[in-house]
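The structure displayed is predicted, hence computed values, not measured ones.
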Amino acid sequence: QVQLVESGGGLVQPGGSLRLSCAASGFSFSIYDMGWYRQAPGKQREWVTTITSRGNTDYAAPVKDRFTISRDNAKNTMYLQMNSLKPGDTAVYFCNGGPAGRYWGQGTQVTVSS
């Protein structure tokens with residue numbers, strides 16, 4: 001019933017941009033904090049950014065000033081605008097949120113390479 005579905009990943013050159021989307025269904029999206037995590041092969045999943053139900057945002061140091069999280073509650077959708085991408089940003093990006101942060105998407109691959 002509950003679904004978080006990421007889209008928008010792909011291959012991009014260093015310095016380029018991508019915009020990820022997370023489409024939510026099956027729960028009351030607008031009342032919950034949401035966020036993005038990422039995981040590179042062989043590495044721990046790491047927190048990237050969060051946005052509260054009120055629209056307050058927080059960012060991990062490696063992406064601060066380059067990434068922007070946003071949400072459109074009318075569309076039950078969250079976004080991640082990624083600018084000035086670096087090879088170190090290469091990872092599977094996961095949407096997360098809901099009550100106690102219990103819901104996860106399946107991820108979308110972002111590859112930054114020349």
Got a donor-acceptor contact below 3.5 angstrom from the Asp33 side chain to the Ser53 backbone?
yes
Same apolar cluster: Leu18 and Ile69, side chain cutoff 4.5 Å
yes
For Ala40 against Ala91, the heavy-atom pair lying closest together
N-CB, 3.9 Å
Suppose the criterion is side-chain hydrogen bond (donor to acceptor under 3.5 Å, both in side chains): which pairs have a residue in residues 15-27, not counting sequence neighbours?
Ser17-Asn83, Arg19-Gln81
Is it possible for you to say whether Ile51 and Met82 belong to one hydrophobic cluster, with membership spreading through side-chain heavy-atom contacts below 4.5 Å?
yes
Could you walk me through whether Arg38 and Val110 pass the side chain to side chain contact (heavy atoms under 4.5 Å, CB included) test, one step at a time?
CA-CA 9 Å; Arg38 67 187 184 185; Val110 171; over 6 Å; no
Spacing of CG belonging to Leu20 relative to CZ belonging to Phe67, to within rounding of 0.5 Å:
8.0 Å
Contact check, side chains of Arg71 and Phe29, non-hydrogen atoms, under 4.5 Å
yes
Between Thr90 and Gly88 (side chain of the first, backbone of the second, donor and acceptor by atom type, cut-off under 3.5 Å), is there such a pair?
no
Nearest heavy-atom approach of Gly105 to Glu6 is CA-OE2, 3.1 Å
Could you measure the distance from the CD atom of Gln13 to the CG atom of Leu85? Nearest 0.5 Å is fine.
11.5 Å
Steps toward side chain to side chain contact (heavy atoms under 4.5 Å, CB included) verdict (Asn96, Arg102):
CA-CA 7 Å; Asn96 169 254; Arg102 73 177 78 245; over 6 Å; no
What is the distance from atom CG of Leu4 to atom SG of Cys22, rounded to the nearest 0.5 Å?
4.5 Å
Ring pair (Phe, Tyr, Trp, His ring centres under 6.0 Å) contacts touching residues 79-114 (sequence neighbours left out)
Phe27-Tyr103, Tyr37-Trp104
Give the minimum heavy-atom separation between Ser114 and Pro14, together with the two atoms involved.
N-CD, 3.7 Å
Clusters formed by hydrophobic residues whose side-chain heavy atoms approach within less than 4.5 Å: which one holds Leu11, and what are its other members?
none
Using atom types as modelled and distance alone, determine if a side-chain donor or acceptor of Ser28 lies under 3.5 Å from a backbone N or O of Ile31.
no
If you count heavy atoms of other groups shown closer than 6.0 angstrom to CD of Gln106, is the number above 12?
no
Once you round to the nearest 0.5 Å, how far does CG of Asp72 lie from OG of Ser30?
11.0 Å
Could you state the interatomic distance from CE (Met34) to OG1 (Thr50), rounded to the nearest 0.5 Å?
11.0 Å
As an exercise, state the distance from CG of Asn73 to OH of Tyr32, rounded to the nearest 0.5 Å.
13.0 Å
Heavy-atom closest contact (Trp36 atom, Leu80 atom, distance):
NE1-CB, 3.5 Å
